[in-house]
Amino acid sequence: MPSDQSTWLVSVPQDGDSEGLIEEITPKLSSQTRKNISPLNIPSFKTGTLDSLINLSEDLPKQEAYFTGTVAKIVDTLRSLLNNDPSKLSQHVLVDEQTIDDYLFKNWRWNESRYNIQKSLRDIVDTLSKETASIDNTMKAKLNNYNLVKGSLTQMQRKQMGNLSVRSLADVVTAEDFIAESEYMETVLVAVPRNLVKEWNATYEKLAQMVVPRSSKPIQSDDEFTLFSVVIFKRVHDEFLQKCRDHKFMVRDFTYSETEIQKQREELDTANTTEKELWTELLRLSRTNFSEAFQLLVHLKVVRLFVESVLRYGLPANYTGLIVKPEPKSTKKTFSALQTQFAYLRPRSNPNQDQKKQSGNEEYVGEYSALMDQEFFDFVLFEVPWIV
């Protein structure tokens, strides 16, 4: 049974039994599904040879999986860009500026201006595949570029966050917190846990022999640490650092440089601006490429519908198509209505049906059984998954 999370594309031979199909089958469906059934115009493609159809039938499921994956990845990109906001996502997963349902159900037509039905089916499929591959490659390149910039920005922003033992000190300290340049002395910054501040004040002068008395000054505090500056002689730098570690005082490796601080601020501003520009560009590209990729997927589905119809029903290659979006709660009823409606096709779809019943073998044993990965029905059916 087909999924209740997809729209169904159905094909049957175009003959007297299929005339007025929509009018006949609609009353048999649930009230909700009745609103979501529409004719599907299946073009009269050039059938080509039986071998070419069989080869296509073998190749199309792989292509279909790739097309579906490409559309799904674009949706995932949009979802990520929009912080998984369903209302915003719905504004961007549009096909030619209309909803997916409107695109499918409001008189869907094959785009003959782009995909000439006078060409061979193989040529048409190759064209669809090339366009999808181009979209996929473009999206990968743009997404990778955006992720690199986003990662760099995140790393910079992370340095501005956190407690005083890890965050950047560029916006915490000023030139006044440091002694003037000296050949013998230097200012050291130490992040002291809040519960050890009293111990710091009582012991910092004794951590090494050449610590300047009363030189410790608090600069800033957060919930976990207080940042102190202290002046020591350079010759005891390593000893002072080791004694601080022993007392769980965290010496920050920081050299004050106005030029370096300004450079960091400019780099952060540039990364922030670049990320916003690339975000906008990627959002616009994803929106456009979703529309293109979804149309390509539906066109490929229709080609597959035609190929399997020819293999199932033979010539002439004239088929009536339906687009059905079942209501999830009434999927079984909808499918049963289709089965009943097209029961007359059973002998044409599978001449071995009686033999199967007699043998108890419910697996399709027709001539093309090896080609059909989908579940076998009396009518041809393929699904457009609700990727969104």
Would F254 end up clustered with F240 when hydrophobic side chains under 4.5 Å apart are linked, directly or stepwise?
no
How about P43 and V302: do any of their side-chain heavy atoms sit closer than 4.5 Å?
yes
For the pair K301 (side chain) and E383 (backbone), establish whether a donor and an acceptor sit closer than 3.5 Å, ignoring hydrogens and angles.
yes
Side chain N272, main chain L268, donor-acceptor under 3.5 Å:
no
Check whether the side chains of T334 and E327 place a donor and an acceptor atom closer than 3.5 Å, and report yes or no.
no
If we count only N and O atoms by modelled type, under 3.5 Å, do the side chains of T77 and S286 hold a donor and an acceptor together?
no
Pair Y204, E199: side-chain N/O donor-acceptor within cut-off below 3.5 Å
no
Give the cluster check for V93 versus L283: same hydrophobic cluster or not, with ILVMFWY residues linked at side-chain heavy-atom distances below 4.5 Å.
yes
Got more than 12 heavy atoms from elsewhere within 6.0 Å of CG, D246?
yes
Rounded to the nearest 0.5 Å, how far apart are CG of L153 and CD of E275?
5.5 Å
Do you know the tightest heavy-atom contact between A271 and V149?
O-CG1, 4.1 Å
Other residues, nucleotides and ligands only: do more than 12 of their heavy atoms fall within 6.0 Å of CG on N195?
yes
Has the side chain of R252 got a donor or acceptor atom that lies under 3.5 Å from a matching backbone atom of S168?
no
Determine, step by step, whether S11 and S309 satisfy the side chain to side chain donor-acceptor pair (under 3.5 Å) criterion, reporting the C-alpha distance in whole Å, the side-chain angles of both residues, the deciding distance to 0.1 Å, and the verdict.
CA-CA 7 Å; S11 173; S309 296; 2.7 Å; yes
If you take all heavy atoms of D177 and V173, which pair is closest and at what distance?
OD2-CA, 3.4 Å
Once you measure the plane-to-plane angle for F294 and Y103, does it fall in the parallel (<30°), tilted (30-60°) or perpendicular (>60°) bin?
perpendicular
Determine, stepwise, if the pair E258 / Y256 fulfils side chain to side chain donor-acceptor pair (under 3.5 Å).
CA-CA 7 Å; E258 192 66 46; Y256 185 84; 2.5 Å; yes
Could you go through S229 and L189, starting from their C-alpha distance and side-chain angles, then the distance that decides it, and tell me whether this counts as side-chain contact (heavy atoms from CB on, under 4.5 Å)?
CA-CA 5 Å; S229 65; L189 302 178; 3.8 Å; yes
Checking F249 against F225 for the side-chain contact (heavy atoms from CB on, under 4.5 Å) test, could you report, in this order, the C-alpha distance in whole Å, the side-chain angles of both residues, the deciding distance, and whether it holds?
CA-CA 10 Å; F249 305 146; F225 290 88; over 6 Å; no
Taken to the nearest 0.5 Å, the spacing of S182 OG from K234 NZ works out to 6.0 Å
For the backbone of L81 and the side chain of K88, can you confirm whether one donor and one acceptor N or O come within less than 3.5 Å of each other?
no
So do the side chains of N163 and D223 get within less than 4.5 Å of each other, counting heavy atoms only?
no
Do L143 and Y66 share a hydrophobic cluster, counting only Ile, Leu, Val, Met, Phe, Trp and Tyr and linking them when any side-chain heavy atoms are less than 4.5 Å apart?
yes
L94 and V71: same hydrophobic cluster, using ILVMFWY side-chain contacts below 4.5 Å?
no
Under 3.5 Å: donor-acceptor pair, side chain of Q295, backbone of S291
yes
Can you hop from V197 to M250 via hydrophobic side chains spaced under 4.5 Å?
no
Can you tell whether the side chains of D269 and R265 come within less than 4.0 Å, N to carboxylate O?
no
Let me see the working for Q339 and D378 under side-chain contact (heavy atoms from CB on, under 4.5 Å), right down to the final yes or no.
CA-CA 7 Å; Q339 283 185 308; D378 294 326; 5.9 Å; no
Could you grab the distance from atom CG of L121 to atom CG of L53, nearest 0.5 Å is fine?
6.5 Å
Measuring only between side-chain heavy atoms, which start at C-beta, is F306 closer than 4.5 Å to T47?
yes
Between the main-chain N or O of A337 and the side-chain N or O of T340, is there a donor-acceptor pair closer than 3.5 Å?
no
S44 and I117: CA distance, side-chain angles, deciding distance, side-chain contact (heavy atoms from CB on, under 4.5 Å) verdict
CA-CA 7 Å; S44 297; I117 62 173; 5.6 Å; no
Give me the atom names and distance for the closest heavy-atom approach of L40 to L322.
CB-N, 3.7 Å
Output for pair (D126 CG, D59 CG), nearest 0.5 Å, gives 8.5 Å
Taking E205 for the side chain and R214 for the main chain, is one N or O donor matched with an acceptor at less than 3.5 Å?
yes
For the backbone of S87 and the side chain of S90, can you confirm whether one donor and one acceptor N or O come within less than 3.5 Å of each other?
yes
Roughly how far apart are T320 OG1 and I42 CD1, rounded to 0.5 Å?
7.5 Å
Shortest non-hydrogen contact from F290 to I100?
CZ-CD1, 3.7 Å
Considering all heavy atoms of both residues, which atom of F228 and which atom of V192 are nearest to each other, and what is their separation?
CD1-CG2, 3.6 Å
Taking S134's backbone N and O only, do any of them form a donor-acceptor pair with N137's side chain (distance below 3.5 Å, no angle check)?
no
Have a look at V190 and tell me which of I219, L207, V230 forms a side-chain contact (heavy atoms from CB on, under 4.5 Å) with it.
V230
Are the side chains of E224 and L164 in touch, meaning some heavy atoms are under 4.5 Å apart?
no
K73 and D136 ion-paired at < 4.0 Å
yes
Should we say atom CE of M156 is surrounded by more than 12 heavy atoms from elsewhere, each under 6.0 Å from it?
yes
In plain terms, say whether D76 and R79 are close enough for a salt bridge, that is, a side-chain N and a carboxylate O under 4.0 Å apart.
yes
Can you tell me how far CD of E131 sits from OG1 of T70, rounded to the nearest 0.5 angstrom?
12.5 Å
Presence of salt bridge, E292 and R114, under 4.0 angstrom
yes
Taking the six-membered ring where the residue is Trp, are the ring centres of W110 and F45 under 6.0 Å apart?
yes
Within the side chain of T187, is there an N or O that forms a donor-acceptor pair under 3.5 Å with the backbone of I179?
yes
Under 4.5 Å between any side-chain heavy atoms of T226 and W200, yes or no?
no
Determine whether more than 12 heavy atoms belonging to other residues, nucleotides or ligands lie under 6.0 Å from atom NZ of K142.
no
Do Y319 and L305 have side-chain heavy atoms sitting under 4.5 Å apart?
no
Please examine the side chains of L9 and L381, heavy atoms only from C-beta on, and report whether any two atoms are closer than 4.5 Å.
no
Can you find a side-chain donor-acceptor pair between Q5 and S3 that sits under 3.5 Å?
no
Heavy-atom closest contact (P385 atom, S6 atom, distance)
CA-CB, 3.8 Å
Determine whether the aromatic ring centres of F377 and F335 lie less than 6.0 Å apart.
yes
Is there a side-chain contact between M210 and Y184 (heavy atoms, below 4.5 Å)?
no
Take atom CZ in R235; do more than 12 heavy atoms of anything else shown fall under 6.0 Å from it?
no
